[in-house]
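Working notes, beginning with the structure itself.
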Amino acid sequence: MPTVSMTVNGKSVSAEVEPRTLLVQYLRESLGMTGTHVGCDTSQCGACVVHVNGESLKSCTMLAAQAEGADVTTIEGLANGDELHPMQEAFRENHGLQCGFCTPGMVMSALDLVQKNSDPSEQEVREWLEGNLCRCTGYHNIVKSILAGAQALKG
Amino acid sequence: MYQFNYQKAGSADEAASAVTAAEDGRFLAGGMTLIPTLKQRLAQPSDLVDLAGISDLVGIEDGGDSITIKGMTRHVDVANSDVVQSKIPALASLADNIGDPQVRNRGTIGGSLANNDPAADYPAAVLGLNATVITNTREIAAEDYFDGMFTTVLEEGELITAVRFPVPEKAAYTKFPNPASRYALVGVMVAQTGGDTRVAVTGAGQDGVFRAGDIESALSGNWSADAAKGVKMSDADLNSDIHASAEYRAHLISVMASRAVTAAG
């Protein structure tokens, strides 16, 4: 089997996987990093969003082999020890999660938005979340969290 | 997914040779349709030849009265391009409304056109703006390129290297998206290029993208939203599914065309 190597949350990792292995399977099954979720498995729900080379994408619709040599950030790479990342903290403060299943993807997607647009409007946040579904339909507080997180990050 | 071999190509020629040499080879562009297709076991290629990393296939060139977009250019890069925004804003806005941000970060113009999904947006741009599809072996006029649902005239081992769009006098694309998938229930590109009026419709036709000749005739004499709206489209040969009936789609074509004319000015 071919070996796929990349950097995940700042650490070099490498594993032998079949070519058909998805990036999300590589993260969850080879590396044991289960923070990235598989919801729909059809690239619609966004629970599997991670950053590859600084941009958000759906890790259920990318082969691990396509990420060879890439710099990957997952939800596990955000907190500093016990100290939550400001966007995670904003989700906690604003009750931006109910069951929590979509949250890793929501947070990763939100961080891609704020790195492109540090002061998004509510409308821009809602449009950006096109590719992230919350089955609890908790969008209102998710949007509130992202707006608060964006302000916190601006400092 | 079934098993397959994965390889990366260093150039367009190398990719074409690799696909031709394989038992049943497929190009892998952004993978936004191909990977879900493989996951559902709807395809079983022996080899995937990844085009990512071929730098010659990425970029946007300003040719004065035309813009050339290389095949592996992603939707996000078309949407954010200063050249596309200033010369063909209709195309930038079309790209900015494909799927969702994560899809736009991966999906490519060449991949979308090779796939020719009957509800995809780019086919309407290519036909409506009278673009030329450039491959590793030839140039194909928009009129000749599309060959029915999910079908094009591309041959085995033929790779889209770029698409050349003439700059129109005016153009706009309006779509009525499926609220879940954001694919077009009906999407209409209207354009005036070199005195020629074109109206291309995606999402509605059973054979994929097509030109709405009746609306083109109406607009040729009278470029106005009312002229487009006044055309009653036939629902013969239109799609009917759980999202919309053929009759509803027929109605939407005139409405989307009229909104596009207003937007184009």
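In what follows, every heavy atom counts, from backbone to side chain, and hydrogens, waters and symmetry copies are set aside. Lettering follows sequence order; numbering is per chain, from 1.
Neither the backbone nor the side chain of A/L129 has a heavy atom closer than 4.5 Å to any heavy atom of chain B. Only the side chain of B/L28 comes within contact range of chain A, with heavy atoms under 4.5 Å apart. Using a 4.5 Å cut-off between heavy atoms, B/L48 contacts chain A through its side chain alone, with no backbone atom that close. Neither the backbone nor the side chain of B/R104 has a heavy atom closer than 4.5 Å to any heavy atom of chain A. Contact annotation for A/D41: both backbone and side-chain heavy atoms come within less than 4.5 Å of a heavy atom of chain B.
In terms of heavy-atom pairs under 4.5 Å with chain B, the best-connected choice from A/L63, A/V52, A/T42 is A/L63. With chain B as partner, the option from A/L113, A/L22, A/L133 having the largest number of non-hydrogen pairs under 4.5 angstrom is A/L22.
Using cut-offs of 30° and 60° on the angle between ring planes, the pair B/Y248 and B/F176 is perpendicular.
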query = Should B/T151 and B/N116 be marked as a side-chain hydrogen bond (donor to acceptor under 3.5 Å, both in side chains) after you check the CA-CA gap, both sets of side-chain angles, and the distance that decides it?
reply = CA-CA 6 Å; B/T151 313; B/N116 191 21; over 6 Å; no
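Listed by first then second residue, pairs satisfying salt bridge (charged side-chain N to carboxylate O under 4.0 Å, His left out) with a partner in residues 56-71 of chain A read A/K58-B/D100, not counting sequence neighbours.
A salt bridge links B/R74 with A/E55: the distance from a Lys NZ or Arg NE/NH1/NH2 to an Asp or Glu carboxylate oxygen falls below 4.0 Å. A salt bridge does not link B/K70 to B/D56: none of the charged side-chain nitrogens sits closer than 4.0 Å to a carboxylate oxygen.
No more than 12 heavy atoms of other residues, nucleotides or ligands lie within 6.0 Å of CZ in B/R26, so this atom counts as exposed by the packing criterion.
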